[in-house]
Amino acid sequence: MASMSSKPKVEIAREHLSKAQEEAGAGDLRDAVQWSFASLEAAIDALAEEHDIAIDEKHWRRSEAATELHEKGVVPKDLSDLHRLLNEERKGMFYEGEDPDLGDLSMEDVLSEVEAAVEIAEDEAK
């Protein structure tokens, strides 16, 4: 059981996003990717909770939830690819010591996509 002091996921999503933006601004791509991933997960969690989609704290369920949220019209785009990409890059950095490779996306693209998801979650939490 979560303790009573635990913050709403939507607040966590915003805090992690701010940290990601800070790290990106400082030029630390690795930390920016890590915090972006954490923010996106929290935003997906918050939205999934609002829409009765079970995630059971599993990464792969979050990717499925992201697709489902898009199909339900909650988010304008399917964020499952971004979620998977950030998760893979995060693992590559931690376990293989690799630099993140975001493919066609810039860090700014990632941050704006995550921010859009966080804003939708904030709107829904009101």
To the nearest 0.5 Å, what is the distance between [atom1] ([X]) and [atom2] ([Y])?
| X | Y | atom1 | atom2 | answer |
| --- | --- | --- | --- | --- |
| Ser39 | Gln21 | OG | CD | 8.0 Å |
| Leu102 | Leu86 | CG | CG | 7.0 Å |
| Arg62 | Asp56 | CZ | CG | 9.5 Å |
| Asn87 | Glu41 | CG | CD | 6.5 Å |
| Arg90 | Leu85 | CZ | CG | 12.0 Å |
| Ser6 | Ile12 | OG | CD1 | 7.0 Å |

I need the minimum non-hydrogen distance between [X] and [Y], along with the two atoms involved.
| X | Y | value |
| --- | --- | --- |
| Met107 | Ala24 | CG-CB, 4.0 Å |
| Ala13 | Ala43 | CB-N, 3.7 Å |
| Ala65 | Ile44 | CB-CG2, 4.0 Å |

Worked verdict on Asp99 versus Leu29 for side-chain contact (heavy atoms from CB on, under 4.5 Å): CA-CA 8 Å; Asp99 281 325; Leu29 204 58; over 6 Å; no

Ser80: partners by side chain to side chain contact (heavy atoms under 4.5 Å, CB included), with sequence neighbours left out: Ser63, Ala66, Thr67, Asp78, Arg84

Hydrophobic cluster membership, with links at side-chain heavy-atom distances under 4.5 Å among I/L/V/M/F/W/Y: are [X] and [Y] in one?
| X | Y | answer |
| --- | --- | --- |
| Leu82 | Val118 | yes |
| Val10 | Val75 | no |
| Ile55 | Ile120 | no |

Worked check of side-chain contact (heavy atoms from CB on, under 4.5 Å) between Glu68 and Glu64: CA-CA 6 Å; Glu68 209 174 313; Glu64 285 181 3; 5.6 Å; no

Let me have the donor-acceptor pairs involving side chains of residues 46-54, under 3.5 Å, with sequence neighbours excluded, atom names and distances please.
unit_1, atom_1, unit_2, atom_2, d
His51, NE2, Glu124, OE1, 2.6
His51, NE2, Glu124, OE2, 3.4

Step-by-step salt bridge (Lys or Arg N to Asp or Glu O under 4.0 Å) determination, Arg14 to Glu11: CA-CA 5 Å; Arg14 174 56 70 182; Glu11 279 179 35; over 6 Å; no

Pair listing, ring-ring contact (aromatic ring centres under 6.0 Å, His included) test, anchored in residues 7-50, at least two apart: His16-Trp35, Phe37-His59, Phe37-His83

Test salt bridge (Lys or Arg N to Asp or Glu O under 4.0 Å) applied to Glu23 and Lys19, step by step: CA-CA 6 Å; Glu23 298 296 348; Lys19 189 83 177 118; 3.0 Å; yes

Residue pair Asp109 / Ser106, side-chain heavy-atom distance below 4.5 Å: yes

Val33 side chain reached by Met93 side chain, heavy atoms, under 4.5 Å: yes

Glu15 and Lys7 ion-paired at < 4.0 Å: yes

Lys/Arg N to Asp/Glu carboxylate O, Lys77 vs Glu113, below 4.0 Å: yes

Under 3.5 Å donor-acceptor, Asp45 side chain and Ala42 backbone: no

N/O donor-acceptor pair under 3.5 Å between Glu89 side chain and Asp101 backbone: yes

